[in-house]
Amino acid sequence: MARPYYVTTPIYYVNDRPHIGHAYSTVAADVVSRYQRLRGNPTYFLTGLDEHGLKIERRAKEERLAPQEFVDRMAAPFRSAWEELDCAHDGFIRTTSAEHRQSVQALWKMMEDRGDIYLDDYEDWYCVGCESFKTVKELLEGNLCAIHRAPVERIKERSYFFRLSNYTKPLLDFYEAHPEFVQPDARFNEVKSFVQEGLRDLSISRTSFRWGVPVPDDEEHVVYVWLDALTNYISALGGPAPEGVAPLYDEFWTSAHTITHIVGKDILRFHAVYWPAFLLSAGVRVPSQIWAHGWLTVNGEKMSKSLGNFLPPGPLVEAFGADVLRYYFMREVGFGQDGDFSHRNLINRYNGELANGLGNLMNRIVASIVKKNLDGRVPRVGLDALEDADRDLIDKAKAASHEAAQHLEALAFHRALDASWELVSAANKYVDSTEPWKLAKQGAQQRLEQVCYTVLETLRWLSIMLFPVMPNKCNELRAQIGMPPLLPTEGVDLWPSAWGGLRPGIETRAATPLFPRLDQLQERSILERLGVDTSGSHAK
RNA sequence: GGGCCCAUAGCUCAAUUGGUUAGAGCCCCCGGCUCAUAACCGGGUUGUUCCUGGUUCGAGUCCAGGUGGGCCUACCA
């Protein structure tokens, strides 16, 4: 049964250059999409760029470029960053594209037809510190902002409004009916309590700048950037459109089994409140889940302009390779929680888990035992000759595969990797306890073959289980055990479940270690090349 | 001011939703092995589960208060 899966990243504001925060979101979405493809589900992975707004207009002027020229230049580094990180998106939406602009206007009209848009003068209290309007309820006595404890001002402007106030109840009902709409749960609580306060109509047009999508039939106004930006998720698919007009939209929006928006915690409200409200108004299907992940700090410090520590992913990919960086992102921090990106931890995990754990497991069997004693071929074995130790490892493989799949479904990447590494560890223990090198010396050929097959097949399982996170390394691993690269195919579930998929007789191809261990000299030179201070307290 | 979440080993985190003696990885120490990338395997040390009180046969888990930390609290990121 086809279960179309749609996963998106936020569209990144092209005012910035790509940094590891962007990379983190994008890698997560890529892992989700690769997992879904492995399961045989039709999958669409969207990322893209938000290219409108006042800041862009200003930046372009500073650079003496037309806004379009400016965003075209800024878009290039994002495209190449995702290519370097092997984030294989199906779509790359840019909000300045003609298709997107049409979609925004189409959605606007649908909301307008519903009677949810009106033009009005708006006047309310405004906190300069917050740069936002405040309701009377939010103010402290004496008209003070609750956050800044400073007086608020009365401000008036003319704009189009969306009747968000009409959606307080529908949204709360929707949340009630979809208890996993927002993840993690704690974030969902924040969203609910925000809505429970009662929603106010939302200003959805601006006259203060021009660089945006014109409001239909009123060129004075441009569409509020968030309404513009959020529409990307359907405009990229050709929507909104009646059935039969836009095939991608029909498959991955209207009738998708799952629609997951991966977002940073800072933009949760727009996705969990405004976006579903807009869609409810327009009569369009609402996504399945909004997943708000946490922030990365860098070596314990917050990323900020003043510290100038926005790490671009490029040099890290160059130093460690895309797969290693992807692995680190997914392994180090629980998805949904804040975490730290630390060069030291990255190297520790590389050496401890990738090199010593997985890499060495493959190497000791493929490049050594099988090569020397079995002429490099996958042995022929019978399932009736299984011993307890073999059955035990097979059971562990099945348990790990099952667990990893469950965690990947739930976007609990760190737990999925945890489960996989329990299998790596079990396999290393198995090799130690069965002592294949002794079996070879004793001439216990049949037992030796059984043991080698069990480990090789375990490696085959791991090459699939880890594929969403490390596609290249997994294919390298597969090449070494004589398997072709994984080719996910719609309708075919490749996730390992049946033991014995590795064909006897095929030739393994021992090659260089998958993850060569870094010695202290190499570590230091990598860190120096990346400009990381190795003398300080972080480099213990 | 209002609300949400968190606090468990030196570090990062678990603990099947109230059930035996609170676990795992990393780090450190000791031992074994020697097929392998100075890799691997085994063993060991470390706890006032933030504090005070309460409910209960039984509390890391539930309740109250406190302390400390993070987050949300209406647009242009």
Side-chain angles (χ1 to χ4, degrees), chain A residues 10-13 15-16 50 52-55 122 124 127 130-135 137-141 144-147 149 157 159 161-162 164 184-194 196-206 208-209 212 222 224-229 264-270 273-274 294-295 332-334 337-340 345 348-349 351-357 359-373 414-415 418 421-422 425 427-433 435-441 452 512-519 540:
Chain A
I11 49 174
Y12 306 114
Y13 201 50
N15 206 22
D16 289 327
D50 182 359
H52 286 140
L54 183 57
K55 280 190 191 171
Y122 179 65
D124 209 343
C127 170
C130 294
E131 292 187 342
S132 68
F133 285 104
K134 300 282 163 182
T135 58
K137 256 201 301 188
E138 287 176 309
L139 299 177
L140 306 181
E141 267 181 63
L144 298 179
C145 165
I147 294 164
R149 309 285 166 102
E157 70 180 31
S159 76
F161 284 82
F162 170 66
L164 185 60
D185 291 336
R187 295 280 164 208
F188 204 3
N189 291 342
E190 289 178 1
V191 168
K192 286 179 195 161
S193 73
F194 173 74
Q196 271 158 4
E197 295 285 304
L199 296 169
R200 220 165 40 143
D201 287 354
L202 182 70
S203 161
I204 52 166
S205 75
R206 297 290 182 275
S208 52
F209 63 94
V222 295
Y224 167 46
V225 287
W226 267 109
L227 174 53
D228 174 356
K265 62 182 184 181
D266 57 327
I267 54 173
L268 176 59
R269 196 199 316 132
F270 306 104
V273 180
Y274 301 165
W295 285 138
E332 176 68 22
V333 306
Q337 291 182 296
D338 290 342
D340 186 39
N345 284 346
N348 287 347
R349 288 202 183 272
N351 275 339
E353 293 164 6
L354 295 175
N356 298 349
N360 184 54
L361 171 66
M362 183 200 72
N363 203 56
R364 66 200 296 210
I365 281 294
V366 177
S368 180
I369 296 167
V370 170
K371 186 175 182 182
K372 290 177 195 162
N373 303 294
H414 61 301
R415 296 201 172 189
D418 222 11
W421 246 261
E422 267 179 48
S425 172
N428 268 321
K429 288 187 203 348
Y430 173 84
V431 174
D432 267 59
S433 69
E435 301 178 302
W437 55 93
K438 268 189 195 163
L439 297 171
K441 277 180 202 151
C452 287
T512 53
L514 260 189
F515 303 101
R517 197 183 154 81
L518 300 173
D519 63 32
K540 28 175 176 172

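Below, chains carry the letters A, B, ... as their sequence lines are ordered, and counting in each starts from 1.
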Counterpart residues, side chain to side chain donor-acceptor pair (under 3.5 Å), relative to A:Y224 (two or more places apart)
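For A:Y224 there are no side chain to side chain donor-acceptor pair (under 3.5 Å) partners, ignoring immediate neighbours.
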In chain order, what residues pass the side chain to side chain donor-acceptor pair (under 3.5 Å) check against A:N348, with sequence neighbours excluded?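 With sequence neighbours excluded, A:N348 shows a side chain to side chain donor-acceptor pair (under 3.5 Å) to no residue whatsoever.
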Can you name the ring-ring contact (aromatic ring centres under 6.0 Å, His included) partners of [X], sequence neighbours left out?
| X | value |
| --- | --- |
| A:W421 | A:Y327 |
| A:F162 | A:Y167, A:F278 |
| A:Y430 | none |

Within the 4.0 Å heavy-atom criterion, would you say [X] contacts the bases, only the backbone, or no part of the nucleic acid?
| X | answer |
| --- | --- |
| A:K441 | sugar-phosphate |
| A:I369 | base |
| A:N356 | sugar-phosphate |
| A:P436 | nothing |
| A:I204 | nothing |
| A:F515 | base |

[X] [atom1] to [N] [atom2], straight-line distance once rounded to whole Å:
| X | N | atom1 | atom2 | answer |
| --- | --- | --- | --- | --- |
| A:L268 | B:C71 | CG | P | 15 Å |
| A:Y430 | B:C40 | OH | C1' | 16 Å |
| A:K438 | B:A36 | NZ | P | 15 Å |
| A:L514 | B:A36 | CG | P | 17 Å |
| A:D418 | B:G23 | CG | P | 18 Å |
| A:D519 | B:A39 | CG | P | 11 Å |
| A:N360 | B:U37 | CG | C1' | 6 Å |
| A:L439 | B:U34 | CG | P | 13 Å |

At their closest point, which heavy atom of [X] faces which heavy atom of [Y], and how far apart are they?
| X | Y | answer |
| --- | --- | --- |
| A:V273 | A:F194 | CG2-CD2, 4.1 Å |
| A:N428 | A:N356 | ND2-O, 4.2 Å |
| A:A355 | A:R517 | CB-CA, 4.0 Å |
| A:F209 | A:V222 | O-CG2, 3.7 Å |

Taking atom [atom1] in both [N] and [M], what distance in whole Å separates the two?
| N | M | atom1 | answer |
| --- | --- | --- | --- |
| B:A59 | B:G2 | C1' | 31 Å |
| B:G53 | B:U12 | P | 29 Å |
| B:C4 | B:C13 | P | 24 Å |
| B:A15 | B:U20 | C1' | 14 Å |
| B:A9 | B:C27 | C1' | 12 Å |
| B:G1 | B:G18 | C1' | 36 Å |
| B:C29 | B:C5 | P | 43 Å |
| B:U17 | B:A39 | P | 40 Å |

*side chain to side chain contact (heavy atoms under 4.5 Å, CB included) with A:F188: which residues, sequence neighbours excluded?*
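Only A:Y175, A:F181, A:V182, A:V191, A:K192 meet the side chain to side chain contact (heavy atoms under 4.5 Å, CB included) criterion with A:F188.
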Residues in salt bridge (charged side-chain N to carboxylate O under 4.0 Å, His left out) contact with A:K441, at least two apart in sequence or another chain |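 None.
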Based on the glycosidic angle (syn within 90° of 0, else anti), state the conformation of B:U17.
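For B:U17, whose glycosidic angle is within 90° of 0, the conformation is syn.
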In terms of side-chain heavy atoms of [X], which of [options] is nearest?
| X | options | answer |
| --- | --- | --- |
| A:W226 | B:C40, B:C76, B:U34 | B:C76 |
| A:W437 | B:C33, B:A36, B:U37 | B:C33 |
| A:K265 | B:C71, B:C76, B:C41 | B:C71 |

Requested in this report: Find which nucleotide of RNA chain B each of A:N428 and A:G359 is nearest to by heavy atoms, and output the residue with the more 5' nucleotide.
Outcome: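 That would be A:G359.
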field: 5'-most by nearest nucleotide on RNA chain B - A:I11 or A:D432
entry: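 On the 5' side of the pair lies A:D432.
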I'd like to know if A:R364 and A:D432 make a salt bridge, using a cut-off of under 4.0 Å between side-chain N and carboxylate O.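 Answer for the salt bridge query: yes.
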**Request:** Could you run through RNA chain B and flag its stems, i.e. three or more consecutive Watson-Crick or G-U pairs with both distances under 3.5 Å?
**Result:**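 So the stems come out as B:1-7 with B:67-73, B:10-13 with B:23-26, B:28-32 with B:40-44, B:50-54 with B:62-66.
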B:A36, OP1 or OP2 - any side-chain N/O from A:K372 closer than 4.0 Å?
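Checking A:K372 against B:A36: at least one side-chain N or O falls below 4.0 Å of OP1 or OP2.
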Could you write out each protein N or O paired with an N or O of nucleotides 2-7 of chain B at a distance under 3.5 Å?
unit_1: B:C4; atom_1: O3'; unit_2: A:N189; atom_2: ND2; d: 3.4

